[in-house]
Structures are given as structure tokens and as C-alpha cells.
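Each chain gets a letter, A, B and so on, in the order the sequences are listed, and its residues count up from 1. Since we're looking at a predicted model, the values are computed, not measured.
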2 protein chains.
Amino acid sequence: MQANIGDVAQRAQVSASTVSRAFKHPELVAKATRERIARAADELDFAASRSASVFQTGQTFRIALLLNDPSSTWFNAHIYEGLDSVFHPAGYDIAIYPIGTSGDRHAFFEDLPIRRNADAVIIASFDVDSKEIARLHSMNVPIIGINALPEDVFDYSIATDDDYAMRLVTRHLLTLGHKDIAYIDLDPPENADGSLHYSANRRSNGFLAECAEAHIEPAMLHVSNTGQRVDHALTQLFALNHMPTAICCEQDRIAVPLLSRLQRLGYAIPDALSITGFDDSTYAREVGLTTIRQDPHDMGARAARHALDLIAKADNDFETTDETASKTGVSTPPIHESTQIRMMFRMSTGPATSAA
Amino acid sequence: MQANIGDVAQRAQVSASTVSRAFKHPELVAKATRERIARAADELDFAASRSASVFQTGQTFRIALLLNDPSSTWFNAHIYEGLDSVFHPAGYDIAIYPIGTSGDRHAFFEDLPIRRNADAVIIASFDVDSKEIARLHSMNVPIIGINALPEDVFDYSIATDDDYAMRLVTRHLLTLGHKDIAYIDLDPPENADGSLHYSANRRSNGFLAECAEAHIEPAMLHVSNTGQRVDHALTQLFALNHMPTAICCEQDRIAVPLLSRLQRLGYAIPDALSITGFDDSTYAREVGLTTIRQDPHDMGARAARHALDLIAKADNDFETTDETASKTGVSTPPIHESTQIRMMFRMSTGPATSAA
DNA sequence: TTGTATGCGTTATCAT
DNA sequence: ATGATAACGCATACAA
């Protein structure tokens with residue numbers, strides 16, 4: 001069927017070890033031999049079995065990625081893309097574990113084939129239980145957090161400061177003179193139980209804090225995150241005593257289509273109504289939505305690079321562990337990065353109308 | 001460090017094979033023993049090494065997914081999600097191979113660790129060279145096509161009939177009385193050379209064919225697929241002698257933001273201007289875009305299910321190949337499915353204005 | 001129902 | 001610079 005390393009060895013008149021070396025440590029093989037081997041491999045259509053070398057190496061070349069929302073979400077899809085842009089070239093596969101409930105999460109940490117089946121675990125967009133993580137740590141698997149809390153359980157984490165970012169948005173609206181503001185957030189899907197926390201909470205906190213400081217009482221609307229989310233949002237808006245002069249959305253995902261619908265319904269934006277989003281996701285720029293920019297692709301790529309470092313370090317630590325231990329292992333401390341926040345000012349926000 | 005099958009065997013007072021069996025073929029192990037093993041495994045935090053069993057099995061439990069566009073694209077992200085929804089529970093990982101140019105594609109088929117490193121190859125959204133595919137076939141790796149041509153090189157394929165679907169859209173516009181129509185398509189990114197064909201071509205063909213039958217001469221606009229795509233499209237529209245009464249877009253991706261921008265610019269839609277898309281992707285419903293519905297998640301899931309069948313079959317074939325061969329192997333013929341096309345009629349299309 | 005023996009393809013160690 | 005050899009951890013064929 002398929003040539004293996006032995007066939008190549010035979011054809012190139014060398015031993016199997018030399019063939020292996022020719023691929024893994026070319027510098028240790030004489031140029032002539034190397035070329036002979038290359039030719040033989042080529043002629044036989046040889047490709048080293050990934051499974052075999054992975055097995056022998058002890059590494060799995062697999063990354064476990066824990067996601068709450070569907071992977072097709074704007075944020076998650078870009079996170080994945082960023083991760084893969086680093087991991088794939090490095091020979092790693094990414095396996096996505098959907099975590100819808102804290103039960104799922106618990107099951108993952110409880111049952112899961114951790115140490116043997118993933119070289120690193122990456123957790124995106126939901127908060128986590130220190131005890132669960134502890135088990136992973138004891139297994140020497142790097143844990144990486146993306147927009148996840150608490151920071152200190154991760155070997156590396158990168159996050160957007162949601163609270164602060166949303167405060168900026170809110171201040172922008174307040175500065176424009178808005179006093180009559182509605183906040184819209186997307187409720188997590190029903191199957192999610194309360195114990196799975198999302199960064200969403202931190203955004204509304206930031207908003208509320210700023211409003212409180214300004215002695216403003218906003219209207220808080222909760223929209224269920226389904227196909228009908230815009231209709232649901234509109235329903236609640238119209239149910240208010242009067243239309244606010246500004247709408248602050250937890251996500252572009254609701255802000256973008258809402259902006260479009262409100263315009264069609266005749267609301268002059270921003271003259272009569274301002275609206276803000278969060279993410280700078282699909283079409284936010286095109287529709288002119290004022291929003292907070294996040295770059296999940298970059299976050300993913302960074303996370304992946306740090307993951308590779310950590311994996312390499314974990315391997316070394318392991319080798320030197322027993323007695324030699326912790327002599328060289330100064331064990332660089334965990335890194336916790338904040339993404340740089342940037343606000344995108346676009347046409348969807350403007351001065352409050354004096355006539356409410 | 002980590003318990004292996006031997007440790008469990010020892011603790012449960014059985015042989016390693018029995019432990020292995022207890023997991024892979026529980027029905028062959030006495031209940032009492034099974035429970036004893038389960039307990040031992042639990043106490044030791046044992047999890048079978050994926051690498052080792054994968055290696056031993058000969059399967060790779062890996063799927064190669066060839067993608068042209070970025071994986072974060074609406075279509076690709078949903079394809080991936082659909083695939084993963086079937087593959088992940090079945091224990092398979094998906095590895096994405098970005099194919100930007102026909103060179104990439106060629107390299108994949110030429111160099112690549114196929115047979116040994118993937119149990120199936122899935123090609124999404126671009127057309128392929130029969131000769132390249134032939135090599136894979138000779139290696140007994142199932143090849144699956146999603147919106148890819150030519151059909152007959154795939155062991156299973158599922159596709160939207162782009163030509164036909166776009167004809168439907170076009171007829172809808174013609175029926176409404178539009179005679180002055182512009183077609184906008186997104187040029188593939190620059191780095192893509194001409195030899196990589198996309199389903200996009202089939203859409204414009206359908207459009208042109210219908211126009212020809214109706215003796216109508218449309219304006220064909222090509223927009224480069226960058227961040228500026230909407231501005232680029234607007235520029236070209238305004239450069240025409242006069243505004244058309246209808247704009248037919250190759251993708252929602254341009255139609256959705258274009259619709260929004262044109263509205264803001266004061267065009268009454270659909271009274272003065274109709275616009276259509278293709279995909280029914282993000283926000284198409286919310287902004288009221290008439291479009292063709294595609295369900296890439298479903299396409300992916302179907303493709304994955306067929307892939308699993310084919311993999312199972314390939315394994316059997318292989319075992320029975322030599323002499324016994326092709327006796328049982330009636331070798332079910334390839335299946336080529338068409339997705340069911342549905343048009344979503346929404347507010348963005350209406351009768352042509354008599355006054356051009 | 002369970003145990004023994006063997007092999008999967010590669011790489012690392014240790015000689016040479 | 002290269003070769004011989006021994007693992008790596010599991011799953012199967014076969015024996016009992």
C-alpha cells in the first residue's frame with residue numbers, strides 16, 4: 001500500500017534511523033545521503049506517518065479549544081482562524097469542545113483525556129472554576145484563557161477589558177448629552193445555566209457604573225439570542241414610555257441589524273437616535289456603527305504563539321523535573337495581556353436631541 | 001506521570017488486553033471485571049492515549065479540509081461547524097489546509113502526507129483537477145466535494161446549483177419588469193491565480209444566460225474583495241450612465257452592506273431600486289434582502305456523515321481487497337447531491353419604476 | 001471470558 | 001556520519 005520508512009531506507013541504501021534523521025534533523029546527515037534519501041522518498045511517495053511519530057514523540061500535536069457559543073460566531077470563527085494560523089503550520093490540530101453549560105465544562109475537566117490527548121487547553125469567552133483548572137495544572141498541560149476569568153488560573157491569558165471598554169462607550173454617549181439611554185444585551189441561550197459566566201456581564205457592569213456616576217437611570221433590555229433577536233429588541237424598545245435618545249448594545253450582533261431596521265422605520269440616525277455596538281464585527285464599518293474594536297484573529301494568534309512556548313517549556317520542565325528540578329526551571333511567571341482597546345467613532349452616534 | 005493501560009491492568013488484577021477490551025468491546029468482558037476495571041481506571045485517572053490507539057488502529061482520525069477563503073467566512077465557518085458536529089463526536093479532528101492558489105492546491109496533492117495522515121479529504125468551494133484527485137483515489141482515501149467541480153471525481157459531493165439558483169433570482173427581477181440591471185461580483189483576492197475556479201463563475205453565467213434570453217444587456221461590475229468592497233461597488237455604480245433599477249449581487253456579503261449604504265444615501269428600496277443577494281447569510285433576513293438560501297451547516301453535516309460511511313467502507317475494502325476482492329465489494333457508486341434551493345423573497349425587491 | 005504474544009512505524013539512545 | 005536496537009501504549013489474533 002504505502003511506503004514506510006523502512007522501504008525508503010532500503011531504496012536509499014541506508015538504515016531506517018538515517019531516514020528518520022534526514023527528516024527530523026537534516027543537519028546531522030551528510031548532504032549526499034540526504035539527497036539520496038529525498039529522491040527515494042519521492043519515488044516511493046513516502047510520507048511519514050503522523051500517528052506513528054506523534055505516538056513515539058509523546059506529544060499529541062493536538063490543542064483542545066473550549067468554546068461556548070457556536071464556532072461559527074464572528075468572534076469564535078476569528079479566534080479559531082487566528083489560532084490555526086499559528087498552530088497549523090506548526091503541525092498542531094485544533095479540536096473544538098463545545099461547552100454550553102457549566103455541566104459540559106465540568107464534564108470536560110472531569111472525564112477528559114487531558115494529559116494524553118492535548119498539548120494545551122484554550123478556553124475562550126467564558127469563566128472558569130479554579131478547582132477544575134487545578135487538575136490540568138497538575139498534569140503539566142498549559143491552560144490559556146481568551147477573554148476568560150479569573151486570570152490567575154491561566155498560564156497565559158489575553159483579554160479585552162470589557163468593563164473599561166464599555167465605560168468608554170457610555171462616556172461617549174454621556175458626553176454627547178444623552179440622558180435617556182437604553183442598554184440591550186443578549187441573553188445566553190436557554191440551555192446555558194447561570195453558572196457559566198460570560199464577558200457580557202462585565203460589559204453591562206461598566207455601562208451601569210458610568211450611568212450611576214452620571215446619575216442617570218438607563219432602561220435595561222434583555223433580548224433572547226435567537227433568530228428573532230431584532231424583533232424582540234424592537235418590541236421592547238417600543239414598549240418603553242418613550243423612545244430613548246441613545247441605544248447602547250452589548251454586541252454588534254444586535255446593534256448592526258437594529259441600526260438598519262430602525263433606519264428603515266424612519267428614525268433619523270444619529271439625529272434622533274444614537275446607537276452603539278461592541279466588537280467592530282461584520283458590516284459594522286459599512287453601516288457606520290460606532291463601536292469598540294476587537295481583533296479576535298490577533299488574539300488567537302498571540303494565544304497560539306504563547307501556547308507553543310508553554311508547550312516547549314512544559315516538555316523541558318518534564319525532562320529536568322525529577323532531581324535536577326527547578327534549578328534551571330526559573331519557571332517564568334504567567335503572562336496576562338490586555339488587548340489594546342480602540343473605539344471606532346462612526347456615524348451612528350451624535351448629539352442628543354434637546355426635544356426628547 | 002500518567003497511568004497507562006498496564007497500570008490499570010495491574011490494579012484491576014487483569015491483563016492489559018482485558019483492559020483494552022473493556023473499553024473498545026465492553027460486551028466481550030464480564031460485567032464484574034468491567035466494573036473492576038472501570039474503578040481502577042477511575043482511581044488512576046486513566047485515559048487511553050489517543051495517539052497510541054490511533055497509531056495501532058492504522059486510522060488517523062483526521063480529516064483534511066481544503067478551503068480557499070479564510071475559514072472565518074460565513075460560508076466556511078458554517079461548513080466547518082456542520083462537519084465538526086458530526087466528526088467531533090465520532091472522534092475525528094479536522095485539519096484545515098488553506099488553498100489560496102492552484103499552486104497551493106497542487107502542492108497539497110503533490111507533497112502531501114495524504115494516505116497516512118488523513119482518513120478523508122474534503123474540498124469546499126473550489127474546483128479541482130481530475131489528475132490530482134486520481135492520486136488520492138489510488139490511495140483509497142475518500143474525497144468529498146462541497147460546491148466543487150467536477151462532480152465525478154468525488155466519492156461524494158454536495159452542491160448548490162449556482163447557475164440555476166441565480167437564474168431564479170434573475171427571472172424574479174425580470175418578472176418584476178426590470179430591464180436595467182447591474183450585476184456585481186466579488187473578484188477573488190489578488191494572490192489567487194486564474195486557474196482556481198469558484199462557484200462564483202457559475203452564478204454570473206446563470207445571470208447572463210437569463211439576461212440574454214430576455215434580450216437584456218446588463219452592466220457587469222467587478223469589485224475587489226477587500227475591506228473597501230462597498231465603496232468600490234458604489235464608485236462603479238455611480239460611474240454608470242444612470243443608476244440601474246435593480247442590482248443583482250453574487251453574494252450577500254456585498255449585497256447586505258450595499259443595501260444599507262444605498263438606503264442611507266437616499267435610494268428608496270425597493271421603490272426606486274431593487275437589490276438581491278445570494279446565501280441568506282448574516283443579517284440578510286434582518287435587513288430584508290431577497291436572496292437564495294444556502295445552509296452550509298447542513299451541507300457540512302451531510303458531507304461528514306457520508307465521509308464516515310466511506311471511511312468505514314474503505315477500511316473493509318482494504319481488508320477484503322487482495323483475492324477475496326470485489327466480491328462483497330459491490331462498491332456502491334458515488335453519490336452526488338444537490339442542495340434544495342429556496343428563494344427568500346423579502347423587501348429589497350419590488351416592481352421596476354417606469355421612470356428610469 | 002480472559003491471558004499471551006506480537007506488531008503497528010517512528011524516533012532516541014548508544015555504539016561504531 | 002551512520003547503524004542496531006529498544007522502546008512508545010495500545011489492540012488484535014490466537015490460545016487457553
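- Between A:S71 atom OG and A:I79 atom CD1 the span is 12.5 Å, to the nearest 0.5 Å.
- Less than 4.0 Å separates DNA chain D from no heavy atom of any residue of residues 27-43 of chain B.
- Residue pairs meeting the side-chain hydrogen bond (donor to acceptor under 3.5 Å, both in side chains) criterion with at least one partner in residues 11-22 of chain B, sequence neighbours excluded, are B:R11-B:E43, B:S15-B:S17, B:S15-B:T18.
- With rounding to whole Å, A:N4 atom CG is found 9 Å from C:dC8 atom P.
- B:Q10 has its CD atom 13 Å from the P atom of C:dG3, to the nearest Å.
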>> Under the criterion salt bridge (Lys or Arg N to Asp or Glu O under 4.0 Å), I'd like the reasoning laid out for B:R62 against A:D93: C-alpha separation, chi angles, the key distance, then a yes or no.
In response: CA-CA 9 Å; B:R62 240 175 142 243; A:D93 291 346; 2.4 Å; yes
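- Across all strands, B:V54 comes closer than 4.0 Å to no nucleic acid atom at all (heavy-atom distances).
- Picking from D:dG9, D:dA11, C:dG3 the nucleotide with the shortest atom distance to the side chain of B:T18 gives C:dG3.
- B:F46 comes within contact range of the sugar-phosphate backbone alone, with a heavy-atom separation under 4.0 Å but no base atom that close.
- At a cut-off of 3.5 Å, with distance as the only test, a side-chain donor of B:T60 or B:D119 sits close to an acceptor on the other residue.
- The 12-atom threshold is not exceeded at CD of A:Q10, counting heavy atoms of other residues, nucleotides or ligands nearer than 6.0 Å.
- The number of heavy-atom neighbours closer than 6.0 Å to NE2 of B:H106, taken from other residues, nucleotides and ligands shown, is 12 or below.
- Between the side chains of B:Y156 and B:E151, no donor N or O sits under 3.5 Å from an acceptor N or O.
- Taking only side-chain nitrogens and oxygens, A:S53 never comes nearer than 4.0 Å to OP1 or OP2 of C:dT10.
- Remark: B:H25 is in phosphate contact with D:dT12, judged by side-chain N or O atoms under 4.0 Å from OP1 or OP2.
- In this structure, the CG atom of A:D7 is 12 Å from the P atom of C:dC8, given to the nearest Å.
- Ring-base stacking between B:F55 and D:dC10 is not satisfied when judged by a centre separation under 5.5 Å and a plane angle under 30°.
- Judged by distance alone, with hydrogens and angles left aside, the side-chain atoms of A:R105 form no donor-acceptor pair with the main-chain N or O of A:I99 at under 3.5 Å.
- A:S20 comes within contact range of at least one nucleobase, with a heavy-atom separation under 4.0 Å.
- Between B:A52 and B:V14, it is B:V14 whose nearest contact on DNA chain C lies nearer the 5' terminus.
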Short heteroatom pairs, N/O only, protein and nucleotides 4-7 of chain D, under 3.5 Å:
residue	atom	partner	partner atom	Å
D:dA4	N7	A:S17	OG	3.2
D:dA4	N6	A:S17	OG	3.0

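- Among B:Y80, B:F87, B:Y97, B:F154, the one residue that satisfies the side-chain contact (heavy atoms from CB on, under 4.5 Å) test with B:I122 is B:F87.
- Whole-Å rounding puts the B:I5 CD1 to C:dT2 P distance at 15 Å.
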